[in-house]
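In what follows, a structure is listed as structure tokens, so that the remarks can point back to it.
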Amino acid sequence: MKFEQHLIDLTIEAIHSIFGIEIEAKLVSVQKTNLIYRNEGDFTIVVFPFTRFSKKSPEETAQMLGDYLAAHSEIIESYGVVKGFLNLRILSKYWVGMIQKEAEETALPVDNREKILIEFSSPNTNKPLHLGHIRNNLLGWSVSEILKANGHDVVRVNLVNDRGIHICKSMLAWEKWGKGETPESSGIKGDHLAGKYYVLFDQYYKEEIKSLIASGLTEEEAKQQAPLMQEAREMLKKWEDNDAEVMQLWNTMNGWVYEGFDVTYKQMGISFDKTYYESQTWQKGKSLVEDALKNGNCYQKDDQSVWVDLTAEGLDEKILLRSDGTSVYMTQDLGTAYIRHNEHQPKQMIYVVGNEQNYHFDVLKLVLQKKFGFQWAESIFHLSYGMVELPEGKMKSREGTVVDADDLMEVMIQTAQTTTEELGKTLNFDLDEQTQLYQVLAMGALKYFILKVDPVKNIVFNPAESIDFNGHTGPFIQYTHARICSLMKKAGESETASNPFSSQTPITQKERQLIQLLYEYPAVVQEAGQRLSPALIANYAFELAKEYNQFYHESPVLKESDADIRQMRLGISAFTAGIIKSAMHLLGIEVPERM
RNA sequence: GGUCCCGUAGCUCAGUUGGAUAGAGCAACAGCCUUCUAAGCUGUGGGUCGCUGGUUCGAAUCCAGCCGGGAUCACCA
């Protein structure tokens, strides 16, 4: 920051001149003045570190420093001392100019052209998306938008887990109890249809286990020997052998699921640049492991299973190939990472995956790097996020306590509609506009609710109470934007000022705060990019909207007289609307022009 | 048990490289719509920043130990 730097330089000079001591810039702390003391300054210098050699009290030291700075800098209007804090008030005519220049200098790069791959969503094809996926998808989308805003070349990637025993269960159940039923014939969305049969499988499977246990088997034995499970395994085997009939069923059912996912993703407002399917990458992992076995970086046990030893790295031994030679989750992920890196050569590979898989990614990275010798594995970053839990505890798909993504979004839209109608906001909206608005508000509320929380934290989600439209919410910010739009419209085109901040215009305290906040936006986006944190953007947007609302209410009605002030306020409003729109875009949230 | 994460107001969350009297929203109470959108604004009440010690002029923030909650340590994905 140029402005802070100027004050730091000046302070170093002052210390040298007053006390005859050269100090390091590190010792000088310049910060925005705490809001409580804003009436006496814009910036604050902390003088405690100087008392060591000033041999005076903090107050006296601050006083001396203040005297010097006021005498030697033309930009300082006045200063005040509170304990060891020196508060500096900057002359308005300099303040606006400098803060504007600063913003230009920290402006976001248009082009950083670092290629960054980001994987998110990663669904299974045996059931529809749920609340957990919603957090994942929103995070992934927002982070990728933030990285784009920082000038990076972002590739959004989805990895569909389309093979394995889980989808075979759905297929088997459909063959047994639902043959002939299609999304068209039943009117059920494709992914929900697959999910229906997955649940059905589990029900009958449980019954089988129960009766087997009753006939004297242990629970373990029962689980293994249940006829349904054995049939599912056979089906998986047939799938791996490329059996024509099974493959056809697999293709059909997965096709239904993808159609269903498309609808959900569209409703969520997200999309991908590339979709990978595990059915197309799992073999690569297997061959990588086989190579490592030959090179002695993995080892084989007596039962033919293949392992990797990570005890030297402080982790455990990890299985990579089962005794029957088939691959496990880790094996597939190794292959996928390899293929992806070869295809894109990215500078960084981000995986948006829940924190329950922290260990998995530690292992993945270590194996690639230390055992397979791929230096690029360093570029793997696991963007880990906390679980979404319900008030009753964790969601359990088998107990039917999962919150379905489609259902939740539907409920949100209905709530948006009732709330809006109760307020009588859409009386002169036509039907299309109404539908559009409810959609935008509902998704805004949901997305904001999820994204405003730091990703590392778990979220407790109460479907009935959690999502509101008042207060610290997406709709509040959307509302602020809509109100500005309406204001600008009334003011008329001619008055949308291009350069609102003429240095002659007097500025109130509230206006200073708001302007300062507006110009911080690029820095916030940069930090959000470094920390991969949509929450930073979300909280900034709220603060800005709130600040604007206060400004709006404090400002007297704009009359035709006072053209300068009127012009400036309109300028601030237009500027605010622009930043809100941009910030919300980074969260994947649309802002309506009226609501 | 080992490793990792979390703990801030009744609830949901912010809290910058350590800085001033720890902030919002919700909920509660009291006000504000002849004037640019009241999904808003203003005010009141509400805190042992999990506990204890350490470093520092100064700790919610850094360090150590403990307490509480969660995740993970599968021939599941």
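Quantities reported herein were computed from a predicted structural model and do not represent experimental measurements.
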Can you tell me, in whole Å, how much space there is between the C1' of B:A24 and that of B:C49? 16 Å

Answer yes or no: is there a donor N or O on one side and an acceptor on the other, between the side chain of A:D309 and the main chain of A:E317, under 3.5 Å? no

Does A:Y359 reach a base, just sugar-phosphate, or nothing at all? Heavy atoms under 4.0 Å. sugar-phosphate

Which whole number of Å gives the distance between the C1' atom of B:U56 and that of B:U72? 37 Å

Return the value, rounded to whole Å, for the distance between atom CD of A:E59 and atom P of B:G58. 15 Å

Can you tell me which nucleotide in B:G15, B:U21, B:C41 comes closest to the side chain of A:Q550? B:C41

Touch class at under 4.0 angstrom, heavy-atom based, for A:L441 against every strand present: base

Between A:T420 and A:R52, which is nearer to the 5' end of RNA chain B once each is assigned its nearest nucleotide? A:T420

Whether the side chain of A:N87 engages the backbone of A:T44 through a donor-acceptor N/O pair (distance < 3.5 Å, no angle test) should be reported. no

So, OP1 or OP2 of B:U17: does either fall under 4.0 Å of a side-chain N or O from A:K26? no

Go through B:U37, B:A77, B:C41 for me and flag the one nearest to the A:F476 side chain. B:C41

First encountered from the 5' end of RNA chain B, between A:A535 and A:R322: A:A535

Please confirm whether the shortest side-chain N or O distance from A:R38 to OP1 or OP2 of B:A20 is below 4.0 Å. no

When you compare B:C6 with B:C62, how far apart are their P atoms, in angstrom units rounded to a whole number? 10 Å

A:N549 CG to B:A24 C1', in whole Å, measures 14 Å

What is the nucleic acid contact for A:D362, judged by heavy atoms within less than 4.0 Å: base, sugar-phosphate only, or nothing? nothing

Pull out every stem in RNA chain B, meaning runs of 3 or more consecutive Watson-Crick or G-U wobble pairs with both distances under 3.5 Å. B:1-7 with B:67-73, B:10-13 with B:23-26, B:28-32 with B:40-44, B:50-54 with B:62-66

Can you tell me how far P of B:A20 sits from OH of A:Y79, to the nearest Å? 22 Å

Side-chain-base donor-acceptor pair under 3.5 Å for A:N34 and B:A22: no

Result of checking A:L518, A:I477, A:I589 against A:I580 for side-chain contact (heavy atoms from CB on, under 4.5 Å): A:I477

Centroid distance under 5.5 Å and plane angle under 30°, A:F85 vs B:A20: yes

Which whole number of Å gives the distance between the C1' atom of B:G23 and that of B:G15? 7 Å

A:M488 atom CE is separated from B:U37 atom C1', nearest whole Å, by 15 Å

Is B:C29 syn or is it anti, if syn means the base angle is within 90 degrees of 0? anti

Taking atom C1' in both B:A59 and B:U16, compute the distance separating them and give it to the nearest angstrom. 15 Å

Any Lys/Arg nitrogen of A:E219 or A:K223 sitting under 4.0 Å from an Asp/Glu carboxylate oxygen of the other? yes

When all nucleic acid strands are considered with a 4.0 Å heavy-atom cut-off, which category describes A:M387: base, sugar-phosphate, or nothing? nothing

Can you tell me how far C1' in B:G50 sits from the matching atom in B:G68, rounded to whole Å? 7 Å

Nearest to the A:E356 side chain among B:A39, B:A20, B:A71, which nucleotide is it? B:A71

Quick one: label A:V82 by what it contacts on the DNA or RNA (base, sugar-phosphate, nothing), any heavy atom closer than 4.0 Å. base

Taking A:N158 for the side chain and A:S121 for the main chain, is one N or O donor matched with an acceptor at less than 3.5 Å? no

Take atom P in B:A9 and the same atom in B:C4, then report the distance between them in whole Å. 26 Å

Under 4.0 Å from OP1 or OP2 of B:U37: is there any side-chain N or O of A:S486 that close? yes

Any idea which of B:G40, B:A38, B:A24 is nearest the A:Y552 side chain? B:A38

Mind checking if A:K32 touches a base, just sugar-phosphate, or nothing, with heavy atoms under 4.0 Å? nothing

Expressed as a whole number of angstroms, how long is the span from A:E543:CD to B:U16:C1'? 11 Å

OP1, OP2 of B:U21 versus side-chain N and O of A:K83: anything below 4.0 Å? yes

Heavy-atom neighbours of A:R52 CZ exceed 12 at 6.0 Å: no

Exactly one of A:Y448, A:F449, A:F476 should register a ring-ring contact (aromatic ring centres under 6.0 Å, His included) with A:F542. Which one does? A:F476

Rounded to whole Å, the CZ-P distance (A:F469 to B:G40) equals 12 Å

Among B:A20, B:A77, B:C26, the one nearest any side-chain atom of A:N87 is B:A20

Would you say CD of A:E590 has more than 12 non-hydrogen atoms from neighbouring residues, nucleotides or ligands within 6.0 angstrom? no

Aromatic ring of A:F542 stacked on base six-ring of B:G25, 5.5 Å, 30°: no

Keeping the roles fixed (side chain from A:T336, backbone from A:Q332), state whether a donor-acceptor pair exists under 3.5 Å. yes

In whole Å, what is the span from the NZ atom of A:K318 to the P atom of B:U72? 12 Å

Does A:F48 stack onto the base of B:G19, taking stacking as ring centres under 5.5 Å apart and planes under 30° apart? yes

Is there a donor-acceptor pair closer than 3.5 Å between any side-chain N or O of A:N161 and the backbone N or O of A:S122? no

Starting the side chain at C-beta, find the nucleotide from B:C36, B:C57, B:A39 nearest to A:T419. B:A39

Check: A:I380 main-chain N/O paired with A:K365 side-chain donor or acceptor under 3.5 Å: yes

Does any N or O donor sit under 3.5 Å from an N or O acceptor when you compare the side chain of A:T473 with the base of B:A39? no

Taking atom C1' in both B:A60 and B:C73, compute the distance separating them and give it to the nearest angstrom. 32 Å

What pairs of nitrogen or oxygen atoms, one from the protein and one from nucleotides 11-13 of chain B, lie under 3.5 Å apart?
none

Just to confirm, is there a sub-4.0 Å distance from OP1 or OP2 of B:A38 to any side-chain nitrogen or oxygen of A:R483? yes

Examine B:A77: is either OP1 or OP2 under 4.0 Å from a nitrogen or oxygen in the side chain of A:Y329? Give yes or no. no

Whole angstrom value for the distance that separates C1' of B:G19 from OH of A:Y37: 11 Å

Could you tell me which non-hydrogen atom of A:Y540 sits nearest to which non-hydrogen atom of A:L517, and how far apart they are? OH-O, 2.7 Å

Looking only at B:G19, B:G25, B:A77, the nucleotide nearest the A:Q31 side chain is B:G19

Do side-chain atoms of A:N34 reach the backbone of A:I36 as a donor and acceptor pair under 3.5 angstrom? yes

What residues form a salt bridge (charged side-chain N to carboxylate O under 4.0 Å, His left out) with A:R89, not counting sequence neighbours? A:D42

